Each structure stands twice: as C-alpha cells, then as structure tokens.
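To start, the structure under review is shown below, and the notes come after it.
Numbering of ligands and ligand atoms starts at 1, following listing order. Keep in mind that what you see is a predicted model, and the values were worked out from it rather than measured.
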Amino acid sequence: MKLSRARLRALVLVATTAVLALAISGPASTAAVTPTGKTEVISIELTKGKLKFVGPKSVTAGDQLEIVNDTNPKQVGPHTFSLATKGSLPKTRKAQQSCFTPKKICFAIAKWHGFNPKTEKITKNLVKAGPAGWSTMGNATGKTGDSWFTGEKKKGTHVSQEVTAEAGTVLHYICAVHPEMQGEVEVVAPVAPLPTPAP
Ligand SMILES: [Cu+2]
C-alpha cells in the first residue's frame, strides 16, 4: 500500500489533538551521562523556499538538545525530527519520493509514531527508543529510533531531551514528511574539568 504525503498529513492532523498532551515530558533521570547544563538547538526553518534543519555540527554528550519548529505547519505541513541510520536515509530525489512506501524509512517512522493504517491515526508525538534521551537511530527494517512529531497546529512547538548517545557517535536525522530534510550532528565527549589546584 502506498501512503502519500498528503494522506499522512491528513491522518496526523486527526491524531494530533488527542496526543498533543503526550508530547512534552520531563528530562530523563536514568541517563548514563553527566548533564552539562548546556542547551543546543536544532531549528526547523523555511529559507528561500527550502525547508531545512539548522543546527550545530556537534553537541556534547550530556547537553540538552532542543528541537524547535520555526515554520508554520499550516503553510508547509508538520515535520518529524527522527534519528535514523545513515544507510536508511534516501539520498536521491527518486528515493525521497518513494520514502513513504513499506520498508522505507519514512513509512517506518510513521509506524514508530504508532501509525495504524486501518484507523489512520498516530498515537505518539514523542517516540523514545533505547536509553532515555537522544540516543538511538532507527532504520527501515524494524529498529525504532528516537523521534519527535511537531504537531501541525502552530509554529514554535519544541521538545528537549538530553543527548545520551555515546561520544563519537554521529547522529543522523530526517523529517519523515519532507524526506529531503536531513542532517547530522556529532556527539563529542565532555571536556574533563581541570583538577582543583592544591592549596
Ligand atoms: Cu519536514
């Protein structure tokens, strides 16, 4: 079965009202990394007619990573910020156009969000996979990744979680609604604190 982009938008619109309350949750307390107290932001922007993620090249393990939707969903539709393995990302225009078919990553992401083809609803705005926090890249063949659906009512929705992926990991991400929107961020190790000088 083919799932068109327009159809996905329609069904998520139905689901959004019901699940919006689930979107925001507190920071995880079980993370294995030490919080840095710093917040980094990846924003979703519309610039010169192009939708894109704008974010840092790297973040430190233990940073808060906040995703902000700076676009108007009524103009450009909703987005997802979905961690997915590099190999699962559609590179060519053609691959991007068929991303919403079974066994492809956009379709898989819809399923992570609880998409049910029969009811045409999703049940989760924030999908938490693996360890708490931004940690886990999913793929198109059964592995769920961390993912956030922006909702489609208003501009400015956001979510923040700690980066818990191991230092050295490059986190790849994609928007399942606009598969040409892709990006990556490297997770780096925290700088060791300087030893306290002896008196
Ligand atoms: Cu998008």
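The Cu ion (ligand 1) is closest to atom ND1 of His178 (considering only N, O or S atoms). Within His79, the N, O or S atom lying nearest to the Cu ion (ligand 1) carries the name ND1.
Aromatic pair Trp134/Tyr173: ring centres not closer than 6.0 Å.
Angle subtended at the Cu ion (ligand 1) by Cys175 SG and Met181 SD: 110°, rounded to 10 degrees.
At a threshold of 2.8 Å, the Cu ion (ligand 1) has no backbone or side-chain N, O or S atom of Thr150 nearer than that distance.
Checking side-chain atoms of Asp63 against main-chain N and O of Leu65 turns up no donor-acceptor pair under 3.5 Å.
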Between Glu162 and Thr164, is a side chain to side chain donor-acceptor pair (under 3.5 Å) present by the stated rule, with each step listed? CA-CA 6 Å; Glu162 194 175 10; Thr164 54; over 6 Å; no
Step by step, work out the side-chain contact (heavy atoms from CB on, under 4.5 Å) result for Met137 and Thr169. CA-CA 10 Å; Met137 290 178 276; Thr169 309; 3.9 Å; yes
